[in-house]
Amino acid sequence: MEEILNSKFYITTPIYYVNDVPHIGHAYTTIIADTLARYHRIQNEEVWFLTGTDEHGQKIQQSAEKNNKNPKEYVDEISAKFKNLWDSFGISYDAFIRTTDSYHKESVRNVFSKMFKKGDIYKGEYEGNYCISCESFFAKSQLINHKNCPDCGKETNLLKEESYFFKLSAYEDRLLQWIESNPDCILPRMRRNEVINFIKEGLEDLSITRTSFDWGIKLPSEIESNDSKFVMYVWLDALVNYLSALGYENSKENKMEFWPANYHLVGKDILRFHAVYWPAFLMSLELPLPKHIAAHGWWTKEGAKMSKSIGNVVNPKEVVDLYGIDCFRYFVLREVPFGQDGDFSQKALIERFNADLGNDLGNLLNRLLGMGAKYFNNSLQVDLKSYKQSFEAESTTIKTILGSLKNFMNEVQIHRYLEELWKIFSLGNGIIAKKEPWKLIKEQKEQEVAELLVFIANLLIKGALCLYPCMPDSAKKILSVFGLEASAQNYLNFILDDKILSQVSLNPIPALFPKIEETPIETKETNLKTNNKQTSKETLKALTIENPISKEDFAKIEIKIGTIIEAEALPKSEKLLKLKVDLGESRTRQILAGIKAYYAPQDLIGKQVCVLANLKPAKLMGEISEGMILAAKDSEGLSFIMPQNPRENGTQIS
Ligand code: MSP
């Protein structure tokens, strides 16, 4: 195993607020982190994977009061729910931190003292608006209608209190320099500008204590006596978890050799805390900065924001109980490009399950097991030289695909990792369809069939080892067919050294992904695509196009050229611009487009775009939208689809 550097790899999730039970968003972050942790472990790296719960602050204190519990009793209960859920999901964390743990409190106080001694903390008076839900301060100019939180929309409270401040403003230049000289420190890269702009707008010093409640860590006794009114600002308390878990400035076992973190995984809503405040704190402590802060998007439920009051919050446990952990993992990892928002629906989950897992991967394994048992009594042997000649081109393709996976994982583009990996399973199904082994057997070409099946076996071994980080249970089951384990040694042999087996014994297992027929949690969704692609013509299978539509279907769609004549931001929305578009009709159309992050309104005036003109009008944030502008979005950003040369407004696209 000397070839692989036994390096250290530290990955963290945010620590979750215990004001509520875990939901799909928490499960999503945790599953991505688990995938990266497993990927690095199977490469023989020494991994430290940290998750946990964030248990102080006014929001938690209020939730405890609402539930008639004292805060400690309340946080113990909810924190256990998170831990139990991760255990039941098989999440491979190495440590679960709670901010109420005494070693953590010790660290936070010592961090405060260090920054204070360095001159980075001073006492002053804070006056500003505070959002309890986001545990965040905002300047008047940032508020919606001078009152509401720009992040969550809830009403803020005006606070005036004595406070300690961290000299964030002093770190402006160093922060910019760090981000600019480390292009990958914020992933996906499109989010960097957002952070750069935030810093360039000017950083104010950060209030890092509170006095209006007491559920928090007290200040160090050499700065404020124990009975003082000050408690630590919950974000300072929380961020320090990434160090306190490693024994930084506390009496716990020292694991600082894992620092700096390789990845802090976060949701886009808390990127600012991690990419601005946290690095500034670390600079003050004179510690190296994290290598990557990777921000994922948000999940909605069938198009709507998840909220307790609407009652549409997806409970990950319910989904896993119904479909299994690996199906859930596959869905969340594959469905959404990392960094973008995604929509959860059972219909989409079942479609992915039946198509990718059932038809592609499950079917390939079943074919191998079926033919292996029927034609060779589960025992296959071929001449390696002849085998290599027969499958030279395919083996090279597989090697190239597997070689490309690393970059995707490093950039947390796990959807792309899976997409590429699936190409080898399609290749396997395609070659079976092409060679038609059932005919070859009738023609007594047994050796040819044996070579084909050994090729599929080798393909599945390699595929399963690469699938392991994303779907550990299924990968282990596939490997068990060949008497193998998901180990670093096997990864080294089969993936890095491209080992090929010429002799294979098959241990049959039950079908891995039997087809799901219906949608059990909610009302049955109509139009459920059944994916009955099991056509008798095996050749057609290799040519299958996902979600095919007919010409008649396409004819129903009216896409027209239009010119944007007015554009403005929709004040209440983070994402939407309100556009007036001339489609050559007697009146202009109003169209709302979720492009605020990509286009400044003034830059759009006069631009010609492609508009889906017969989309049913819809109301968004109280405004009518009468069409959709076509755009292409990838990890680098979004751009409108525009005609190459000017065309008359209303011109139909066909
Ligand atoms: N306690 C802070 C984090 C402190 S880290 C030092 C916190 N906790 S949280 O429980 O509110 O959120 C934790 C994570 O869940 C965030 O990364 C957030 O983006 C994510 N999600 C919450 N709702 C979500 C969705 N609907 N979809 C995807 N992730 C979302 O913030």
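In each ligand, atom 1 is the first atom listed, and ligand 1 is the first ligand listed.
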Please work out whether the ring planes of F338 and H296 are parallel, tilted or perpendicular, with thresholds of 30° and 60°.
perpendicular
Identity and separation of the nearest protein heavy atom to atom 13 (C) of ligand 1
Y16 CD2, 3.4 Å
Which of the ligand 1 atoms, numbered from 1, are nearer than 4.0 Å to a heavy atom of H26:
10 (O), 13 (C), 15 (O)
Relative to the heavy atoms of Y242, which atoms of ligand 1 are at a distance of less than 4.0 Å?
5 (S), 6 (C)
Centres of the F331 and F344 rings: under 6.0 Å?
yes
For G297, the ligand 1 atoms whose distance to one of its heavy atoms is below 4.0 Å
28 (C)
Can you pull out the closest protein heavy atom to atom 31 (O) of ligand 1? Residue, atom name and distance to 0.1 Å, please.
I270 CG2, 3.5 Å
As an exercise, identify every atom of ligand 1 less than 4.0 angstrom from a heavy atom of P14.
3 (C), 5 (S), 17 (O)
Atom 3 (C) of ligand 1: which protein heavy atom is closest, and how many Å away?
I15 O, 3.2 Å
Number the atoms of ligand 1 from 1 as they appear, then name those within less than 4.0 Å of a heavy atom of H296, with their elements.
28 (C), 29 (N)
Short list, please: which atoms of ligand 1 are under 4.0 Å from a heavy atom of H274?
5 (S), 6 (C)
Stepwise side chain to side chain donor-acceptor pair (under 3.5 Å) test for T53 and S79:
CA-CA 6 Å; T53 43; S79 176; 2.9 Å; yes
Which atoms of ligand 1 have any heavy atom of D54 under 4.0 Å away?
1 (N), 2 (C), 4 (C)
Charged N-O contact under 4.0 Å between E257 and K8
no
May I ask you to identify the nearest protein heavy atom to atom 27 (N) of ligand 1, giving residue, atom name and distance to one decimal place in Å?
W299 N, 2.9 Å
Sub-3.5 Å donor-acceptor pair from the side chain of N70 to the main-chain atoms of K72, do we have one?
yes
Among Y126, Y171, W278, the one residue meeting ring-ring contact (aromatic ring centres under 6.0 Å, His included) with F166:
Y171
Whether over 12 other heavy atoms sit under 6.0 Å from K255 NZ:
yes
With heavy atoms and a 4.0 Å threshold, my read on which part of F273 contacts ligand 1 is neither
For atom 7 (C) of ligand 1, which protein heavy atom lies nearest, and how many Å away is it?
Y17 CE1, 3.4 Å
May I ask whether W235 places a heavy atom under 4.0 Å from ligand 1?
yes
Do Y323 and Q346 come within less than 4.5 Å of each other through their side chains, counting heavy atoms only?
yes
Give the residue and atom name of whichever protein heavy atom lies nearest to atom 17 (O) of ligand 1, and the separation in Å to one decimal.
G267 N, 2.8 Å
Candidate list Y10, F9, Y263, test ring-ring contact (aromatic ring centres under 6.0 Å, His included), partner H292, passing option:
Y263
Test: R210 cationic atom under 6.0 Å from Y130 six-membered ring centre, within 45° of axis
yes
Protein residue, atom and distance nearest to atom 18 (C) of ligand 1, heavy-atom basis
D269 OD1, 3.4 Å
Using heavy-atom distances only, which candidate in A238, G25, G52, G57 approaches atom 28 (C) of ligand 1 most closely?
G25
Parallel, tilted or perpendicular, judged at 30° and 60°: which one describes the rings of F112 and Y164?
perpendicular
Which of the atoms of ligand 1 are close to H23, meaning less than 4.0 Å from one of its heavy atoms?
22 (C), 23 (N), 24 (C)
